[in-house]
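Every number for a ligand or one of its atoms is a count from 1 in the order of the listing. We count residues from 1, following the sequence as given.
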Amino acid sequence: MTNPLLQAWTTPFQIAPFAEIEDEHFAPALDEALSAHMAEIDAIADSLDAPTFENTIEAMEGAGEALDKVLSVFYSLAGADSTPKRQELQRDFSPKLSAHSSAISANEALFKRIETLWNVRDTLDLSPEQARVLMLTHRGFVRSGAALAGEQADLMKEVKSRLATLGTQFVQNLLKDESDWVMPLSDEALAELPDFVQDAARAAGDEKDTGGPVVTLSRSIIVPFLQFSPRRDLRKNAYAAWAARGANGGDTDNRGIAGETLKLRETRAHLLGYPDFAHYKLETEMAGKPVAVRDLLMQVWEPAKAQAGKDADILEKMLHADGIDGPLKPWDWRYYSEQRRKVEHDLDEAVLKPYFQLDRMIDASFSCATRLFGLEFKPLDLPLYHEDCRVWEVLRDGEHVAVFIGDYFARGSKRSGAWCSAMRGQARKPKVQAPIVINVCNFAKPSASKPALLSYDDARTLFHEFGHALHQMLSDVEYESVSGTSVARDFVELPSQLYEHWLDVPEVLAEFATHAETGEAMPQDLLDKVLGAATYDMGFSTVEYVASALVDLAFHEGDATADPMQKQAEVLAEIGMPHAIGMRHATPQFAHVFAGDGYSSGYYSYMWSEVMDADAFEAFEEAGDPFDPETAKRLADTVLSSGGSKDAGALYLAFRGRMPGVDALLKGRGLAA
Ligand SMILES: [Zn+2]
């Protein structure tokens, strides 16, 4: 059998020949690609030639071409067009892939070559990018424990494996507590809710076979319930259950797991020579050190707390006006805030929607990229994995830059959310390759002959994901491991969040946010309402987020605490947490931090990126033109073309001439004094 995944692709732009690929091709292709990659790695590691940058680091960059092809096709389909068969394959693949990468980082002969190069790096005459790729490769091996030997290596292995088990248990406990709790709703309590919440409560009742509508602890039901139900007793009940997830005692209690996790992370950091886990974790981030994170969070915390205090006074008066004595509580905030929002920012989605046509918004995102970066988009007619996919060739001055694919509509086979991925990343060495980039969204598909319409949030999502796509498409580096979005976690959302700002530029809205039937531009008062609503209740959401980020940081700095709940209480007392707001994620529910390493001492990074995007867009405002050519060129030359080939802080500095400050963010969130 010839397996199309393993053949040379002769399609236009070497896009995967989706029409020829069957599900049966994946498993044998993966096995073959994994062994081919391992053979290449072994050949590099066991080479008798003295190590050079080319025969070791560059050779590693070029290895695994077949594996890249198989995985890019498979993960595109697994995410955007899944089937039970593909899910099964995914379950089979993930342990194989993690064993594969562990085997590479445990390859002693390979590490020895890398270590040798690292020790003589100053004599190798490397370009700045090569020096950085060597540093990143070496650092990656060291951080995974490759330099440890004997008992220390054994202990590291034990710690990692125990941490993986605890992470899985943490999530499973949380899911169990979430799925065990329901609150039945009487006919009267149901009738007081808006239609969409009623529908969700009925659907939840059907799913759980409760014989009637229920509130569950799924965020998509509990949050609107707290927002819309006038029944304070029910809100209090539901909120208490929500806040108690993972802290109900018994088998599903996460508090012990949290404590053990923190202790093990500390051991891991100490083994690798770091004073604590936060220092280990932040070493690879733009922030670099815990003190930089705390500084930034505290600069946002005080103004957010002040705003939340003012808002609390207003909401508490509304509570008292309802004949209820006493202070505003966490189960009251969302309800009274919603009542207030209705008065101050009444936005009718139905009136708004015809102004955001999908096709016009795609045009708008392209038009901004043309004006800013000289990119042109030429529609292509190519078969992909689903008929809803659209494809464009991206050109600049008539030269091929990239292929861009948009897969915009929701369907049952697509996972939720929106994302950007590269089916092929940009590189020049050891082989020249142009990027193939895809944006996947979940917008509602219209019935035939009607134009697809977006909400304002959908349109922002479209711009956001297109910003990530630009980061991939404008990438201009030598090595794929540092191309496009291969950057620090606290830097990766800069291009995407920054691009959202162009949606709000009045001339862009005037040209592209036109009514689907009349073709008229959006009236100014409607536009003002849209932009005003975007900053509503930011005191609350900033406080609940920053409190969680500060607790996360405190957990991983200094000596590990034996009692995370006590530590959480201390941090909240110290920062003066407003009594009517809960943490966005309290410890027993903080899956970002305890379900794995991803966001541990990294929960701050959403805010870090937002500070930068606000500050970066201000560079255009200072230049007096959102399309100022000089500023746009500087953005492309520094941030957007460099991927991770330079330090993130250095890139930002090169773009802005200084490091980011919080003023623009506070202004954007309506928190400036
Ligand atoms: Zn993003």
Side-chain angles (χ1 to χ4, degrees), residues 72 75-76 79-80 219 284-287 296 358 361-362 364-366 368-369 372-373 402 404-408 410 414-423 425-426 435-443 454-475 482-504 534 541-542 545 548-549 584-585 591-592 596 598-599 602-617 635-636 639-644 648 651-652 655 660 664-665 668-669:
S72 76
Y75 283 109
S76 298
R219 195 171 262 274
T284 58
E285 300 296 324
M286 179 177 169
L296 172 115
L358 172 64
M361 287 300 115
I362 294 171
S365 67
F366 287 177
C368 292
L372 291 164
F373 312 117
F404 175 70
I405 301 167
D407 178 2
Y408 296 110
K414 202 186 262 189
R415 72 175 159 86
S416 57
W419 63 95
C420 171
S421 55
M423 287 189 183
Q426 181 271 333
I436 300 176
V437 185
I438 178 161
N439 277 175
V440 183
C441 302
N442 267 291
F443 303 143
L454 306 181
S455 67
Y456 171 70
D457 282 346
D458 290 340
R460 280 190 88 94
T461 300
L462 186 135
F463 270 69
H464 179 101
E465 298 308 333
F466 193 70
H468 283 306
L470 285 170
H471 201 187
Q472 299 279 14
M473 298 192 290
L474 292 171
S475 176
V482 291
S483 79
T485 55
S486 303
V487 297
R489 186 190 298 278
D490 59 4
F491 193 66
V492 73
E493 298 298 331
L494 168 61
S496 52
Q497 293 181 176
L498 174 58
Y499 207 64
E500 291 176 33
H501 289 266
W502 276 279
L503 171 63
D504 293 343
S541 48
T542 310
Y545 168 84
S548 288
R584 184 164 172 88
H585 306 282
H592 285 82
Y599 279 93
Y603 192 62
Y604 75 93
S605 52
Y606 299 97
M607 181 65 67
W608 187 273
S609 302
E610 201 182 318
V611 164
M612 273 192 292
D613 78 65
D615 186 70
F617 191 71
L635 180 66
V639 173
L640 294 175
S641 64
S642 304
L651 289 177
Y652 196 84
F655 167 61
L665 169 116
R669 286 198 164 211

If you leave out waters, which protein N, O or S atoms are less than 2.8 Å from the Zn ion (ligand 1)?
His464 NE2, His468 NE2, Glu493 OE1
Please identify each residue that fulfils side-chain contact (heavy atoms from CB on, under 4.5 Å) with Ala648, with sequence neighbours left out.
Met286, Phe491
Backbone of Gln426 reached by a side-chain donor or acceptor of Ser483 within 3.5 Å
yes
May I ask you to check whether Asp458 and Thr461 show a side-chain donor-acceptor distance below 3.5 Å?
no
For residues Met612 and Leu498, determine if any side-chain heavy atom of one lies less than 4.5 Å from a side-chain heavy atom of the other.
no
Trp502 and Phe617 aromatic ring geometry - parallel, tilted or perpendicular at 30°/60° bounds
perpendicular
Under a 3.5 Å threshold, yes or no: a donor from one side chain and an acceptor from the other, between Ser609 and Glu493?
no
